[in-house]
Chemist: 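This is the structure I want to talk about, given as C-alpha cells.
All residue numbers in this chain count up from 1 along the given sequence.
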Amino acid sequence: MTSAKVISGAEHFFFPGNSIGILICHGFNGTPQSVRFLGESFAAKGFTVFAPRLSGHGTDEFEMEACHYQEWIQEVETAFAELKKRCTNVFAIGQSMGGALVIDLATKVACDGILTINAALQVPEYEKYRNKSVPRFILEGKPDIKADNVKEIAYDRVPIIAVNQLLTIMEHTDTQLQKITCPFMLFHSPEDHVVPDSCSHHIYETVLSDDKELISLDNSYHVASLDHDKDYIIATSYRFIQKHTNQAKSVPLTSLTK
C-alpha cells in the first residue's frame, strides 16, 4: 500500500539543542502542528526537541484506518530512544492521547519526568462506538479550542477502527498508573469538552510519583497547546524541567535525519 502524502505543516519536527531532551507527543487526530508552539518555545530555551508524527495522522483517514495502537506506542518509544542517544536527560510531554502514550512510555524507560496536557483516559463521545464496526467513519466536530482564529490540522472524520484503537490504549494506560514513579506534572483544563477533567485528577491520585503537580489551565479548552494558556504551559514546564535536571552545559547536536 502506498503511503499517503503528509499534509503540509503536519510533519514531525526536530530542533537540536543542549543535552536536555524534550519529547512531545500529539493527540488522536492531531499532528505535530498542534504542539509546534511548545516545541519552538522549548527550543528557544536551548533544549533539544523532537515531536514525532504518529502513524495514520496528518495524511488521510484511510491510512489511519490501517493503524494499530501498538504502532503509536512503538513510535513514542523509538522517539525517546533517539533523544536518549543525544541527551543526558529526557522529558516526555503528551497531549490528550499523547498523554496516555507518555504515561505508558514511563512504565518502560527511565524518563527524567513526564508532563501531560489533558491526558485522555476517557472520551465519552466515542464510548458508543466501542467494539462496533459501523459506521466506517465518524464525523469530527470543530477542534476544542477557546481562542479565536486558531487552526488545528485534523481530519473532518475518523475511522471507527481507529477510535477503537484509542479506546484500547486509554483503557490499557489506566491499568498502568501505579507503575509511574518518576516526577510528573499534569496540566488540565477544567472546561474540556472532549476529555473529562476528572481524568487528570484520577491520574494524579493514582500514580505513585513522590513529586507530582496538578496545574489548572483555566483559560483553555482541550487542545491547550494551541490555546490561551500555552505560554503558561511553557513557563511552568520550564520550572519543572529545571528542577529535575542538573543544568547541563549546552552542547550543539546534529539534526535527526528525516
Chemist: Quick check against the 3.5 Å criterion: does Asn89 have a side-chain atom that pairs as donor or acceptor with the backbone of Ile20?
Modeler: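 No, the answer is negative, given that no donor and acceptor are paired below the 3.5 Å cut-off.
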Chemist: Tell me if the aromatic rings of Phe13 and Phe15 count as close, with their centers under 6.0 Å from one another.
Modeler: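 Yes.
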Chemist: Please examine the side chains of Val123 and Phe28, heavy atoms only from C-beta on, and report whether any two atoms are closer than 4.5 Å.
Modeler: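 Side chain of Phe28 against side chain of Val123, heavy atoms only: no contact under 4.5 Å found.
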Chemist: May I ask you to decide if the ring planes of His172 and Tyr69 are parallel, tilted or perpendicular, using 30° and 60° as cut-offs?
Modeler: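 Judged by the thresholds at 30° and 60°, the geometry between His172 and Tyr69 is tilted.
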Chemist: Taking Gln176 for the side chain and Ile103 for the main chain, is one N or O donor matched with an acceptor at less than 3.5 Å?
Modeler: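 It does not hold such a pair.
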Chemist: For Glu11, is there an ion pair with Arg53 - N to carboxylate O distance below 4.0 angstrom?
Modeler: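 No, no charged N to carboxylate O under 4.0 Å.
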Chemist: Taking it one step at a time, do Lys243 and Asp211 satisfy salt bridge (charged side-chain N to carboxylate O under 4.0 Å, His left out)?
Modeler: CA-CA 11 Å; Lys243 177 181 176 182; Asp211 189 319; 3.0 Å; yes
Chemist: Between Arg239 and Ala235 (side chain of the first, backbone of the second, donor and acceptor by atom type, cut-off under 3.5 Å), is there such a pair?
Modeler: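 A pair under 3.5 Å: no.
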Chemist: Here's one to test your reading of the geometry: is the NZ or CZ of Lys212 within 45 degrees of the ring axis of Phe184 and under 6.0 Å from its centre?
Modeler: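 Relative to the ring axis of Phe184, which defines the angle, Lys212 lies outside at least one limit.
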Chemist: Below 30° counts as parallel, above 60° as perpendicular, anything between as tilted: where do the rings of Phe47 and Tyr238 land?
Modeler: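 Because their plane-to-plane angle lies in the 30° to 60° range, the rings of Phe47 and Tyr238 count as tilted.
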Chemist: Is the shortest heavy-atom distance from the side chain of Val76 to the side chain of Asp104 under 4.5 Å?
Modeler: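 The answer is no; the side chains never approach within 4.5 Å.
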Chemist: Scan side-chain atoms only and decide if Asp174 and His202 contain a donor-acceptor pair under the 3.5 Å cut-off.
Modeler: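 Their side chains do contain a donor-acceptor pair, which is all the 3.5 Å distance test asks for.
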Chemist: Quick check for you: to the nearest 0.5 Å, what is the distance between Asp197 atom CG and Leu217 atom CG?
Modeler: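 Answer rounded to 0.5 Å: 9.5 Å.
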Chemist: Taking atom NZ of Lys128 as the centre, does the number of heavy atoms from other residues, nucleotides or ligands within less than 6.0 Å exceed 12?
Modeler: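 Yes, the 6.0 Å shell around NZ holds more than 12 heavy atoms from other groups.
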Chemist: Do His26 side-chain atoms and Gly98 backbone N/O form a donor-acceptor pair below 3.5 Å?
Modeler: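 No, His26 side chain to Gly98 backbone: no donor-acceptor pair under 3.5 Å.
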Chemist: Hydrogens and angles aside, do Thr78 and Gln74 bring a side-chain donor and acceptor to less than 3.5 Å of each other?
Modeler: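 Yes.
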Chemist: Does some side-chain heavy atom of Lys45 sit less than 4.5 Å from a side-chain heavy atom of Gln242?
Modeler: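 Side-chain contact under 4.5 Å: no.
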Chemist: Identify whether the distance between the nearest side-chain nitrogen and carboxylate oxygen of Glu61 and Arg136 falls below 4.0 Å.
Modeler: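 No salt bridge links Glu61 with Arg136.
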Chemist: Do other residues, nucleotides or ligands put more than 12 heavy atoms under 6.0 Å from the CD atom of Glu125?
Modeler: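 No, the 6.0 Å shell around CD holds no more than 12 heavy atoms from other groups.
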Chemist: Is there a donor-acceptor pair under 3.5 Å between the side chain of Asp227 and the backbone N or O of Ala147?
Modeler: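 Judged by distance alone, yes, a pair lies under 3.5 Å.
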Chemist: Please assess Phe91 against Phe42 for the test ring-ring contact (aromatic ring centres under 6.0 Å, His included), listing each intermediate value before the final yes or no.
Modeler: CA-CA 12 Å; Phe91 294 82; Phe42 285 125; 9.5 Å; no
Chemist: Counting distance only, does the side-chain N/O of Asn118 pair as donor-acceptor with the main-chain N or O of Ser189 below 3.5 Å?
Modeler: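 Side chain of Asn118 to backbone of Ser189: a pair is present.
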Chemist: Compare all side-chain heavy atoms of Ile93 with those of Thr116 and state whether any distance is below 4.5 angstrom.
Modeler: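 SC-SC contact between Ile93 and Thr116 ruled out.
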Chemist: Could you check if a side-chain atom of Val195 sits within less than 4.5 angstrom of a side-chain atom of Ser96, using non-hydrogen atoms only?
Modeler: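 Yes, at least one pair of side-chain atoms sits under 4.5 Å.
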Chemist: Report yes if the side chains of Leu167 and Asn131 come closer than 4.5 Å at any heavy-atom pair, otherwise no.
Modeler: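 No; the side chains remain at least 4.5 Å from each other.
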Chemist: Are Leu38 and Ile145 grouped together when hydrophobic residues (ILVMFWY) are joined by side-chain heavy atoms under 4.5 angstrom apart?
Modeler: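 The answer is no; the residues belong to distinct hydrophobic clusters.
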Chemist: Counting C-beta onward and ignoring hydrogens, is there a side-chain heavy-atom pair between Ser133 and Ile161 closer than 4.5 Å?
Modeler: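 They are not in contact (no side-chain heavy atoms under 4.5 Å apart), so the answer is no.
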Chemist: Let me confirm one number: the SG-CD distance from Cys199 to Gln122, rounded to the nearest 0.5 Å.
Modeler: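 Reported to 0.5 Å precision, the distance equals 4.5 Å.
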Chemist: Has the side chain of Gln33 got a donor or acceptor atom that lies under 3.5 Å from a matching backbone atom of Ser8?
Modeler: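 Looks like no, no N/O pair under 3.5 Å.
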Chemist: I'd like to know whether the aromatic ring centres of His222 and His193 sit less than 6.0 Å apart in this structure.
Modeler: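 Between His222 and His193, the centre distance exceeds or equals 6.0 Å.
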Chemist: Report yes if the side chains of Pro190 and Ser216 come closer than 4.5 Å at any heavy-atom pair, otherwise no.
Modeler: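 Heavy-atom side-chain distance check passes, below 4.5 Å.
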Chemist: Would you confirm whether Asp229, through its side chain, and Tyr232, through its main-chain N or O, come within 3.5 Å as a donor-acceptor pair?
Modeler: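 Looks like no, no N/O pair under 3.5 Å.
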Chemist: Answer yes when Arg157 and Glu140 have at least one side-chain N-carboxylate O distance shorter than 4.0 Å, and no when they do not.
Modeler: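 Here Arg157 does not pair with Glu140 in a salt bridge, since their nearest N and O are not under 4.0 Å apart.
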